[in-house]
Every structure is written in C-alpha cells, then in structure tokens.
J.: 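Before I ask anything, here is the structure I am working with.
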Amino acid sequence: MVRPFYTFLLQVMESEEFLLLPVNQLIDIISSEELNVQNEEQVYVAAMAWVKHSLEDRKQHLSMVMTASTSLKTFLVCELLFLQSITYY
C-alpha cells in the first residue's frame, strides 16, 4: 500500500517500506498530482534518500527518477542556475 506516501512523504521517506520500493512505484509517487508536499525540494530529498539507500544498485535509475516529475525537473534546473550564478559572480 503506497497511499500514505502521497500524504506523508517526508515522514515516511526514511522508512524501510519507502526505501525498498521498486523504482516504478517511486516514480509513480513522485510524479503524482496527488503528492502532498510543500515544495519540490522535499521530493528531491525523498528521491535521493531512496537512491542512496542502495546506491550501487540504483544509480542506473538516477536520471529516470530525477526527471520523473515536472516540478522536480524545475527544481533541479533552478538549483543548477543558482549554482552557476554564484560561481560566476
């Protein structure tokens, strides 16, 4: 049952059940319109927690996970632009 993940992502992202989700279920959750988070950074933190839980096995899924959600893609682009701007100035 993954329904609690939609509402309580931050509370459950370190749970064994969340960390053991197969990649397709993780992508369903983080790309869902039903996901209840305050900002895209929370989705990023949860996705990275999932990846880091089994980095060697999951690094192959990193690109797919990070581009699964439009809001997550937007967050990553903004982060990159910010990092470029502070490096440039």
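Numbers for residues simply follow the sequence, beginning at 1.
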J.: Could you grab the distance from atom CD of Glu41 to atom CG of Leu76, nearest 0.5 Å is fine?
T.: 10.5 Å
J.: Considering only heavy atoms from C-beta outward, does the side chain of Met13 approach that of Val45 to under 4.5 Å?
T.: yes
J.: Is it the case that more than 12 heavy atoms not belonging to Lys52 sit under 6.0 Å from its NZ atom?
T.: no
J.: Around atom CD of Gln60, are there more than 12 heavy atoms from other residues, nucleotides or ligands closer than 6.0 Å?
T.: yes
J.: How long is the span from the CG atom in Leu26 to the OG atom in Ser31, to the nearest 0.5 Å?
T.: 9.0 Å
J.: Using side-chain heavy atoms (C-beta onward) and a distance below 4.5 Å, is Leu62 in contact with Met48?
T.: yes
J.: Do Met64 and Ile29 land in one hydrophobic cluster if side-chain heavy atoms of ILVMFWY residues count as linked below 4.5 Å?
T.: yes
J.: Verify the cluster assignment for Leu55 and Val23: are they in a single hydrophobic cluster under the rule of side-chain heavy atoms below 4.5 Å apart?
T.: yes
J.: Can you check whether Val12 reaches Glu17 side chain to side chain, under 4.5 Å on heavy atoms?
T.: no
J.: Report yes or no: do Val77 and Met66 belong to one cluster of Ile/Leu/Val/Met/Phe/Trp/Tyr joined by side chain heavy-atom distances under 4.5 Å?
T.: no
J.: Kindly indicate whether the side chain of Trp50, heavy atoms from C-beta on, has any atom under 4.5 Å from the side chain of Val65.
T.: yes
J.: Under a 3.5 Å distance rule, please check whether Asn39 uses its side chain to pair with a backbone N or O of Gln42 as donor and acceptor.
T.: yes
J.: At what distance, to the nearest 0.5 angstrom, does CD of Glu33 lie from OG of Ser69?
T.: 8.5 Å
